[in-house]
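Let me begin by presenting the structure, written as structure tokens, before commenting on it.
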Amino acid sequence: MQDIQDWSEEDQTDEKQKAVQKSTWVSVAANLGLTTTQVAVGLVAGSQGLVADGIHSLSDLLADFVVLLAARHSSKEADDDHHYGHYRYENAASLVLGLLLLAVAVGMVWSAVSKLHATETIAAVKPIALWVALGALVTKETLFRYMLAVAQKVKSSMLVANAWHARSDAASSLVVAIGIGGNLLGLPLLDPVAALVVGLMVGKMGWSFSWDAIHDLTDRSATEEETENIRQEILATPGIRGVHDLRTRKTGDLLLVDAHLEVDGQLSVQEGHDIALEARRRVLEKHPVLNMMTHVDPV
């Protein structure tokens with residue numbers, strides 16, 4: 001248990017938690033302002049696309065709070081009920097984000113299709129809607145670049161998901177701006193069409209996040225490259241003659257590893273044990289591994 005706690009102290013540093021919280025609060029402030037402005041102006045200017053984009057921003061705001069909650073709980077150390085820590089809160093948060101996006105997408109698509117079936121209800125959009133849409137585009141793209149930079153720095157897949165959520169917003173704002181522009185040029189159908197496209201984009205992103213999170217929560221293994229790097233690290237340990245039955249599974253952004261280590265059968269139990277400890281130490285030190293369980297096989 002102590003080894004797991006030591007890794008937690010090294011990997012889940014105060015600096016990482018502060019960076020995640022700071023970037024997410026920046027996103028909260030931005031999305032709160034965008035939601036209020038887009039929905040209000042969209043209703044006044046008669047733009048369904050802008051209202052849809054505002055609702056998308058509202059989903060971002062809710063997603064930000066999910067990230068804050070998950071970051072707080074995932075940083076807790078191992079306890080009697082969670083011997084490997086609470087890292088899977090991050091995977092669960094990614095699943096919630098994905099399902100939230102899917103729900104928002106269904107609402108957007110339904111609303112847009114309904115509007116397209118009643119074209120006589122499509123009103124001319126006021127020019128202010130275009131300026132708000134362009135402002136939202138710039139804000140969301142800037143937010144995406146900022147959040148992704150922080151996510152890569154602290155190596156948080158949950159924050160990466162939230163950053164790409166912001167990028168999907170930037171793309172939707174671009175579509176909405178095009179739709180509003182078309183409406184202003186005398187093509188009123190483009191506004192609800194833009195809302196429909198935004199809904200489909202959000203749905204695709206939501207499905208991707210949900211599917212990945214489900215795999216991670218059901219013990220998805222490391223990539224072939226990650227697994228091979230761990231294998232080579234073990235084989236590079238003095239005294240190791242081979243390794244088999246190497247298995248991995250994800251927990252948050254970290255890995256749990258099981259491995260059978262082959263050592264000289266003439267060695268004492270203590271010598272074989274020391275070699276296994278050294279292999280474990282090397283793997284935990286150089287790879288994103290929370291814990292490695294080893295079994296020594298004499299050859």
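The structure displayed is predicted, hence computed values, not measured ones.
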Next item on the list: Indicate yes or no: does E278 engage R281 in a salt bridge with an N to O separation below 4.0 Å.
Entry: yes
Margin query: Could you check whether any side-chain heavy atom of V257 comes within less than 4.5 Å of a side-chain heavy atom of I230, counting everything from C-beta outward?
Written below: yes
Next item on the list: Compute whether any side-chain donor of one residue and acceptor of the other, for N229 and E233, lie under 3.5 angstrom apart.
Entry: no
Next item on the list: May I ask you to test the V109-L200 pair for a side-chain heavy-atom distance under 4.5 Å?
Entry: yes
Next item on the list: Quick one: closest heavy-atom pair of V296 and A276, and the distance?
Entry: CG2-CB, 3.8 Å
Notebook entry, point to check: At what distance, to the nearest 0.5 angstrom, does CG of L196 lie from CG of L189?
Noted result: 11.5 Å
Margin query: So does E225 get a backbone contact from the side chain of E228, meaning a donor-acceptor N/O pair under 3.5 Å?
Written below: no
Checklist line | Stepwise side-chain contact (heavy atoms from CB on, under 4.5 Å) test for V243 and L235 | finding: CA-CA 7 Å; V243 57; L235 291 174; 3.8 Å; yes
Notebook entry, point to check: Testing I180, I128, N183, L130 for side-chain contact (heavy atoms from CB on, under 4.5 Å) with S47, which one passes?
Noted result: I180
Notebook entry, point to check: Taking all non-hydrogen atoms of both residues, which atom of G199 and which atom of A105 are closest, and how far apart?
Noted result: O-CB, 3.2 Å
Notebook entry, point to check: Taking side chain as C-beta onward, heavy atoms only, is I275 less than 4.5 Å from I240?
Noted result: yes
Next item on the list: Determine yes or no for a side-chain-to-main-chain donor-acceptor pair under 3.5 angstrom, with T36 supplying the side chain and L32 the backbone.
Entry: yes
Next item on the list: Taking the side chain as every heavy atom from C-beta outward, state whether D212 and R220 have any atom pair closer than 4.5 Å.
Entry: yes
Item checked: Steps toward side-chain contact (heavy atoms from CB on, under 4.5 Å) verdict (M292, I234) -> CA-CA 11 Å; M292 186 173 86; I234 293 173; 4.0 Å; yes
Checklist line | Worked verdict on H244 versus E262 for side-chain hydrogen bond (donor to acceptor under 3.5 Å, both in side chains) | finding: CA-CA 8 Å; H244 62 273; E262 300 172 4; 2.8 Å; yes
Notebook entry, point to check: Which atoms form the tightest heavy-atom contact between S173 and Q38, and what is the distance?
Noted result: OG-NE2, 4.3 Å
Next item on the list: Measure from the side-chain N and O atoms of S268 to the backbone N and O of E271, and report whether any donor-acceptor pair falls under 3.5 Å.
Entry: yes
Notebook entry, point to check: Taking the side chain as C-beta and beyond, is there a heavy-atom pair between T248 and L256 under 4.5 Å?
Noted result: no
Checklist line | D53 and K140: CA distance, side-chain angles, deciding distance, salt bridge (charged side-chain N to carboxylate O under 4.0 Å, His left out) verdict | finding: CA-CA 11 Å; D53 207 24; K140 290 175 179 179; 3.2 Å; yes
Next item on the list: May I ask you to test the S221-R249 pair for a side-chain heavy-atom distance under 4.5 Å?
Entry: no
Check: Applying the side-chain hydrogen bond (donor to acceptor under 3.5 Å, both in side chains) test to R280, which of T294, T237, N291 qualifies?
Finding: N291
Notebook entry, point to check: How long is the span from the CH2 atom in W207 to the CG atom in L99, to the nearest 0.5 Å?
Noted result: 10.0 Å
Next item on the list: Look at R241 together with D297 and state whether they make a salt bridge at an N to O cut-off of under 4.0 Å.
Entry: no
Notebook entry, point to check: Are side-chain heavy atoms of L261 and H295 found at a separation under 4.5 Å?
Noted result: no
Margin query: Quick check: do L143 and S27 have side-chain heavy atoms less than 4.5 Å from each other?
Written below: yes
